[in-house]
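Have a look at the structure below before the remarks.
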Amino acid sequence: ELERARSTECLYPRFVPPRAMPEKGKHSYANVDISALTWDLKVEECSTDWMVDAVLAMFVASGVVRVFRINIDDLTRFVLTVRHNYNDQPFHNWRHAFSVTHAS
């Protein structure tokens, strides 16, 4: 029964409800200079909010947002939901997820 409960938890992530979204304009790809996203980026010095903006900037700069016609508010909510669902682990955490995204 416990194993089933754990697997069910994984199927239903804790979505960021609309009322918990930050004020309009707090997160934006425009807050990040895309040229800063180099191999020299010191991820450990980046704030978690900046990393959200940087992920948005990566998706915009790569053309994913345009090609797939992704609404930027929906993408912002998705990225915030991903960040929200990472637990405070020493390795597999939001900073690691950002690093993998950045390296990809």
Side-chain angles (χ1 to χ4, degrees):
E1 189 65 32
L2 179 62
E3 191 60 40
R4 191 171 136 226
R6 284 186 186 147
S7 64
T8 304
E9 284 178 18
C10 295
L11 294 174
Y12 301 103
R14 297 169 292 154
F15 291 103
V16 177
R19 68 182 177 283
M21 284 290 290
E23 63 276 3
K24 192 84 168 159
K26 175 176 177 161
H27 291 289
S28 172
Y29 62 90
N31 294 335
V32 174
D33 177 4
I34 199 75
S35 67
L37 298 172
T38 67
W39 290 110
D40 297 324
L41 180 67
K42 294 186 180 359
V43 177
E44 64 278 359
E45 296 175 5
C46 300
S47 74
T48 58
D49 282 338
W50 185 87
M51 288 188 280
V52 168
D53 295 343
V55 169
L56 297 174
M58 287 183 247
F59 276 86
V60 169
S62 69
V64 169
V65 170
R66 179 184 45 78
V67 170
F68 293 102
R69 298 181 181 152
I70 300 171
N71 177 286
I72 199 70
D73 291 334
D74 292 341
L75 180 60
T76 302
R77 185 167 182 222
F78 172 77
V79 173
L80 289 169
T81 298
V82 170
R83 181 181 74 174
H84 178 73
N85 279 282
Y86 268 98
N87 295 318
D88 190 17
Q89 302 286 330
F91 183 72
H92 286 116
N93 53 36
W94 168 243
R95 195 166 302 278
H96 177 255
F98 172 79
S99 295
V100 171
T101 304
H102 171 247
S104 300

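All of these numbers come straight from a predicted model, not from anything done at the bench.
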Residue pair A57 / V32: nearest heavy atoms and the distance that separates them = CB-CB, 4.1 Å
Which value, rounded to the nearest 0.5 Å, describes the distance between F78 atom CZ and L56 atom CG?
-> 11.0 Å
Mind checking side-chain hydrogen bond (donor to acceptor under 3.5 Å, both in side chains) for N31 and listing every partner two or more places apart, or none if nothing turns up?
-> D53
Test ring-ring contact (aromatic ring centres under 6.0 Å, His included) applied to H96 - qualifying residues, sequence neighbours left out = F91, H92
Non-neighbouring partners of D33 that pass side-chain hydrogen bond (donor to acceptor under 3.5 Å, both in side chains), sequence neighbours left out | S35
Any side-chain heavy-atom pair of V79 and W94 under 4.5 Å = yes
Could you walk me through whether I34 and V60 pass the side-chain contact (heavy atoms from CB on, under 4.5 Å) check?
-> CA-CA 10 Å; I34 199 75; V60 169; over 6 Å; no
Okay, side chain of H102, backbone of T38: is any donor-acceptor separation there less than 3.5 Å?
-> yes
What residue pairs, at least two apart or across chains, pass salt bridge (charged side-chain N to carboxylate O under 4.0 Å, His left out) with a residue in residues 92-104?
-> none
Atom pairs and distances, side-chain donor-acceptor, residues 39-51, under 3.5 Å, sequence neighbours left out:
| residue | atom | partner | partner atom | Å |
| --- | --- | --- | --- | --- |
| S47 | OG | W50 | N | 2.9 |
| D49 | OD1 | R83 | NH1 | 2.9 |
| D49 | OD2 | K26 | NZ | 3.4 |

Using the rule that two of Ile, Leu, Val, Met, Phe, Trp, Tyr join whenever any of their side-chain heavy atoms come within less than 4.5 Å, decide whether L80 and V100 are in one cluster.
-> no
Going from OH on Y29 to OG1 on T76, what distance comes out if it is rounded to the nearest 0.5 angstrom?
-> 10.0 Å
Please list, chain by chain and in numerical order, all residues satisfying side chain to side chain contact (heavy atoms under 4.5 Å, CB included) with F68, sequence neighbours excluded.
-> V64, I70
